[in-house]
Protein chains: 2
Amino acid sequence: MTAVRETYRHGDLRQALLTEGLLLAREGGPSAVVLREATRRAGVSPNAAYRHFRDRAALLGAVSDAAQGCAADRIQQELDAVPVGDDRAAQSRLALRAVGTGYIAFAQEEPGLFHAAFSVPGDLSQAFSASKAGRNGLSPFQQLAQALDGMASSGALDPARRPGMEFLAWSAVHGLAMLVIDGPLRGLTEEIILSTRERLLDMVERGI
Amino acid sequence: MTAVRETYRHGDLRQALLTEGLLLAREGGPSAVVLREATRRAGVSPNAAYRHFRDRAALLGAVSDAAQGCAADRIQQELDAVPVGDDRAAQSRLALRAVGTGYIAFAQEEPGLFHAAFSVPGDLSQAFSASKAGRNGLSPFQQLAQALDGMASSGALDPARRPGMEFLAWSAVHGLAMLVIDGPLRGLTEEIILSTRERLLDMVERGI
DNA sequence: GGCGCGATGTGTACGGCGTCCACAATGGCA
DNA sequence: TGCCATTGTGGACGCCGTACACATCGCGCC
C-alpha cells in the first residue's frame, strides 16, 4: 500500500483509499480517518482523493459502510456456530443471541471499526439497507431482522410483538457494547462482561 | 460573553470558557467544542485557555461533565413529576421509568449536549462519581442507581437481581437514545418513538 | 496511426486548528 | 514600595481540509 508506484495512474485509487481508511479507523476510530494520511499511505498526493470522494465526510461514510460489512462478517461467524437441531423455536432464539453476541464481540475485538461502523451519524439512518453487507450479503441490521423473523414464525416470539422489535433488541445490545468499550464496564473482567451480556440477551430474548 | 473587557485580567476565564464550550457543544456536539472559538467568544487570545486547561481534551472533558449535569437536571424534572402515592413498589417503578424517560427526552431536546455528555470516551468510566452532578447533587448514573435501590427495597425488584442492574438499564436506554437521535428512528413520528420507549421501559422494569 | 479529450493525479495556496515559546501586564504580599 | 507568581498576548510551527490551475495519461475517433 505504501509502495511507490511507477505509473502515473494508480489503478484503483478509490479502493486503495478505502482500504487505508479502514486501517486508520481500525487503529484510532473515525477521527483517525484523515484524508491526507490515507493518500500518503496510498502513495499519492492529497488532492488525488477528491477525484474519488467529494470530501472527507464521503470517505468516512464509505469506510463506515465497509466497517459495517466487517461487523456483519463477525456476526455471521457467530451465527455459523449455532448448532442445528429440530426445535425451530429454540434455534431461532439461539440465532438472536448469536447476533447479539457477535455484535458485542466485534465491539470488543475491533473498537475502532465498531465506532466507525456505528457511531458515525447519518449513515445509520439507512443502515437497514444492504449496501453495507458482509460476505453473506446481509447488513448487521438485516441479520438481526432475520433472526427475529425466525423467532416470530417458529412461535418463539408473539408475532403481534414482532413489529419494531429490532429497535428494542438493537437498543439493548448497542448500549451494552458502548458501555463495554467506552463506559463503566471497560476494563472489567471478561467474566463480569459475559454475565452482563447474558442477562441482557435473556431480557431481549424474552421480549415484551 | 462576547463583550470586550477593559481590564487585562478577565476575572473568571475558566468559567467563561466552560460556558462558551457548553454553548458550542449544544450547537454542534463535542466536535464543535473548538478551543480557538471558545476563547474568541470569551474575548481573549487563544493561548489564554492554556492557563486553565491543559489542552483541548481537558476543556472537552469539563464540558462533558457540565453536560452530564444538564442531563441530571432534565432527569430530575421527570422525577419530580412522579405523583406520590402509598404503593412504594409502584412508585419506585415509576421512578425508574422517569429516569429513562428523562434521559431520552434530554437526548431528543439537546442532542449536542447529549453527545457531549455521553459520547465522549474516557469520562464515562467515572460517570458514577458525583462530579458531574446537576442541581440535585446527583449524577445521572446515581439517579438511576437510586431508582433501582428503591425498587429492590420495596419488592419491585428481586434484590438478588439488583447487582449490575444499572448496566442493563443503562444499556437499553442509552441504545434507544442513540437510535432516536442518530439512527433509524431519527425523524420518525413522536408516536412511534413513544411506543418504542414504553416497550423498552417495560422490558427494563420487568428486569430479568 | 495519430490526435484530442475526458479522466486522473500534482503543485501551490489559503484559512483554520491545536500547541509551543518568549514576552508583557497585573495585583497581592513581603 | 517593590518583587514575583499568575494570567493574558504575539508570533510561529506543523498539521488539517479544500479550492484552483496545471500536468499527464489512456481510450476512442478520424
Side-chain angles (χ1 to χ4, degrees), chain A residues 1-25 27-64 112 115-116 120-123, chain B residues 1-25 27-64 112 115-116 120-123:
Chain A
M1 305 297 178
T2 325
V4 181
R5 69 190 194 285
E6 67 290 349
T7 61
Y8 185 81
R9 301 286 209 242
H10 178 284
D12 194 355
L13 183 53
R14 185 188 164 89
Q15 183 55 46
L17 290 175
L18 203 45
T19 302
E20 299 301 335
L22 207 59
L23 284 173
L24 289 170
E27 294 163 16
S31 68
V33 180
V34 172
L35 208 151
R36 288 180 102 108
E37 177 62 18
T39 57
R40 220 173 285 134
R41 295 196 185 190
V44 107
S45 93
N47 284 323
Y50 289 91
R51 301 293 171 191
H52 304 277
F53 299 96
R54 179 205 301 274
D55 53 17
R56 176 183 180 270
L59 171 60
L60 190 53
V63 168
S64 178
H115 275 127
V120 174
D123 294 280
Chain B
M1 310 298 177
T2 326
V4 182
R5 69 190 194 286
E6 67 287 351
T7 61
Y8 185 80
R9 300 286 209 246
H10 178 283
D12 194 356
L13 183 54
R14 185 189 164 88
Q15 183 55 46
L17 290 175
L18 204 44
T19 302
E20 298 302 334
L22 207 58
L23 283 174
L24 289 171
E27 295 162 16
S31 68
V33 180
V34 171
L35 208 150
R36 289 180 103 108
E37 177 63 17
T39 58
R40 218 174 285 134
R41 295 195 185 190
V44 107
S45 92
N47 285 322
Y50 289 90
R51 302 295 171 189
H52 304 277
F53 299 96
R54 181 203 300 273
D55 54 16
R56 176 182 179 270
L59 172 60
L60 190 53
V63 168
S64 179
H115 275 127
V120 174
D123 294 279

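Because the structure is a prediction, the values reported are computed rather than measured. Just so we're on the same page: letters track the sequence lines, and every chain starts at 1.
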Go through the structure and list residues passing side-chain contact (heavy atoms from CB on, under 4.5 Å) with [X], not counting sequence neighbours.
X: S45(A); answer: N47(A), A48(A)
X: A32(A); answer: none
X: A49(A); answer: L17(A), L35(A), T39(A)

Q. Does H52(A) make a side-chain N or O approach to OP1 or OP2 of dG9(C) shorter than 4.0 Å?
A. yes

Q: Measure the distance from CZ on R40(A) to P on dG9(C) and round it to the nearest whole Å.
A: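 Value for this atom pair: 18 Å.
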
**Q.** Minimum-distance pair of heavy atoms, taken over all atoms of A42(A) and E20(A)
**A.** N-CG, 4.4 Å

Q: Compare every heavy atom of A62(A) with every heavy atom of L18(A), then report the nearest pair and how far apart it is.
A: CD1-CB, 3.5 Å

Q.
According to side chain to side chain donor-acceptor pair (under 3.5 Å), who are the partners of E27(B), at least two apart in sequence or on a separate chain?
A. R41(B)

Q | By side chain to side chain donor-acceptor pair (under 3.5 Å) - contacts of Q15(B) (at least two apart) | A |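 With sequence neighbours excluded, Q15(B) shows a side chain to side chain donor-acceptor pair (under 3.5 Å) to T19(B), given in chain and number order.
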
Please tabulate, one pair per line, all N/O donor-acceptor pairs under 3.5 Å involving side-chain atoms of residues 52-59 of chain B, not counting sequence neighbours.
{"unit_1": "D55(B)", "atom_1": "OD1", "unit_2": "A57(B)", "atom_2": "N", "d": "3.2"}
{"unit_1": "D55(B)", "atom_1": "OD1", "unit_2": "A58(B)", "atom_2": "N", "d": "3.0"}
{"unit_1": "R56(B)", "atom_1": "NE", "unit_2": "V33(B)", "atom_2": "O", "d": "3.0"}
{"unit_1": "R56(B)", "atom_1": "NH2", "unit_2": "P30(B)", "atom_2": "O", "d": "3.4"}
{"unit_1": "R56(B)", "atom_1": "NH2", "unit_2": "V33(B)", "atom_2": "O", "d": "3.1"}

Q. Mind checking which nucleotides bracket the chain A contacts on DNA chain D, 5' to 3', with an atom under 4.0 Å from a heavy atom?
A.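 Extent of the interface on DNA chain D: dC16(D) to dC25(D).
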
Q | Protein proximity profile, nucleotides 19-30 of chain C - base contact B, sugar-phosphate-only contact S, no contact -, cut-off 4.0 Å on heavy atoms | A | BBB--BBB----

